[in-house]
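All of these numbers come straight from a predicted model, not from anything done at the bench. Order of appearance sets the numbers: ligands from 1, and atoms from 1 within every ligand.
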Amino acid sequence: MNLEELSAHVAKQFAQMHGRPPRWIVAAPGRVNVIGEHTDYNDGFVLPMAIEYYAVMAADRPPAAHNVITIHSTSDPEPAVIDLSARLQPDKLKWSNYPRGVVAGFLARGLQPGGLEVLLHSTVPLGGGLSSSAALEVCTATLLEAVTGKTLDPVEKALLCQKAEHEFAGVPCGIMDQFTSVMGRQGHLLLLDCRSRKIELVPMRDPSVQLLIANTNVKHELASGQYARRRAQCEAAAAALGVPSLRNATPAALESAKSKMDSVVFRRARHVIGEIERTVQAAAAVRASNWPKVGELMYASHRSLRDDYEVSCAELDALVGIAESIGPNGGVFGCRMTGGGFGGCTVALVKSSAAAAISQQLAADYKQKTGIEATIFGSRPAAGAAIVKS
Ligand code: GLA
């Protein structure tokens with residue numbers, strides 16, 4: 001379903017529920033990261049793109065004026081109820097904390113949205129490492145922009161959403177996901193420098209290649225605690241090296257400081273420093289349409305995430321292993337886990353002409369190895385969040 005069809009679908013559901021059409025419709029995409037994993041909170045580079053999967057909200061004022069935002073979701077019978085006259089705090093209904101934190105960010109800027117009835121529908125797989133939470137945050141922020149008539153600067157908007165995730169969802173994430181959902185560009189990867197927060201657009205329009213996303217359909221629970229722990233280990237490595245962040249470190253400096261840090265911290269830093277370099281090289285290789293080189297960097301990224309950063313899992317390794325065994329003759333250039341890890345998705349760079357056959361083989365071999373059905377899909381690089389109707 002393209003965005004237009006999806007918006008019409010959500011508008012229709014809203015009308016069925018409320019007996020009138022929505023006044024506003026907004027959408028924000030998920031993302032897939034091609035390379036540059038666990039580098040954003042180290043001031044490094046990332047190379048993601050927005051995908052054609054979205055969180056969509058349809059909304060209107062409630063019939064009787066009251067200062068409450070009620071969000072019904074098509075994936076949970078329990079609605080999020082955000083009372084604007086009370087001090088906003090994290091709630092036990094987990095998904096409601098993403099919109100709740102964004103509303104708090106608007107209120108903190110003196111922007112009063114007023115009462116709303118909202119219907120949320122998301123096609124971004126939940127908890128699959130494709131930023132379903134950032135899509136929900138950015139979707140909420142876009143709705144509040146439409147409602148208040150105040151357009152935020154894109155960087156400020158993304159940072160407001162990141163803060164919502166830190167303070168209301170308790171995840172100390174970097175800036176990649178929210179920046180991509182706000183600033184995605186059709187036909188382009190975003191080379192985001194997380195230190196300067198500047199984006200360089202990298203065209204990705206060669207029709208002979210495409211990205212294939214494969215969802216392991218597993219999510220290992222340790223994810224969020226481990227994420228915070230990795231961040232702390234990176235900070236420990238930077239402190240031992242005497243630099244503000246691992247962006248400022250080189251492989252040689254790390255090697256010579258090896259005795260000053262614990263061996264686990266050393267391996268974490270080795271991943272980050274190598275991954276920042278690989279990301280810059282991959283962007284250059286995409287520009288040059290050097291697909292074998294991009295693929296080689298993707299495999300190297302996966303190995304580093306698996307062995308040094310230890311955020312992969314058996315199911316992700318199984319998918320990457322299958323992709324590698326299909327190999328260049330079968331049309332696979334490279335493959336790696338994408339997103340935070342411990343489950344979720346892999347991303348593969350493949351020849352478009354072989355994509356259907358590769359999808360079939362990935363699904364069949366994965367099922368055989370793990371007993372689990374993978375979900376496999378493609379996406380072109382999509383545009384960032386937008387007001388569809390206002
Ligand atoms: C999650 C976080 C991002 C980033 C990735 C790992 O998606 O939200 O900020 O750190 O993990 O690259």
request  = Please identify each residue that fulfils side-chain hydrogen bond (donor to acceptor under 3.5 Å, both in side chains) with Ser301, with sequence neighbours left out.
outcome  =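 Ser301 satisfies side-chain hydrogen bond (donor to acceptor under 3.5 Å, both in side chains) with Glu275, Arg336 only.
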query = Is Trp291 close to Val286 at the side-chain level, that is, under 4.5 Å between some pair of heavy atoms?
reply =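 Val286 vs Trp291: side chains touch.
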inquiry  = Is it the case that the side chains of Thr151 and Lys157 hold a donor-acceptor pair, with the cut-off being a distance below 3.5 Å and no angle test?
reply    =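 No, no side-chain donor-acceptor contact under 3.5 Å.
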request  = Report yes or no: do Asp307 and His271 form a side-chain donor-acceptor pair below 3.5 Å?
outcome  =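 There is no such pair (donor and acceptor under 3.5 Å, judged by atom type) between the side chains of Asp307 and His271.
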inquiry  = I need the contact residues for ligand 1: any residue with a non-hydrogen atom closer than 4.0 Å to the ligand, ordered by chain then number.
reply    =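 Only Arg31, Glu37, His38, Asp40, Tyr41, Cys173, Gly174, Met176, Asp177, Tyr227, Gly340 have heavy atoms that fall under 4.0 Å of ligand 1, ordered by chain and number.
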query = Partners of His188 by ring pair (Phe, Tyr, Trp, His ring centres under 6.0 Å), sequence neighbours excluded?
reply =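 Not a single residue meets the ring pair (Phe, Tyr, Trp, His ring centres under 6.0 Å) criterion with His188.
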ask   = What salt bridge (charged side-chain N to carboxylate O under 4.0 Å, His left out) pairs are there with at least one residue in residues 280-292, not counting sequence neighbours?
value =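 Qualifying pairs, neighbours excluded: Glu200-Arg287.
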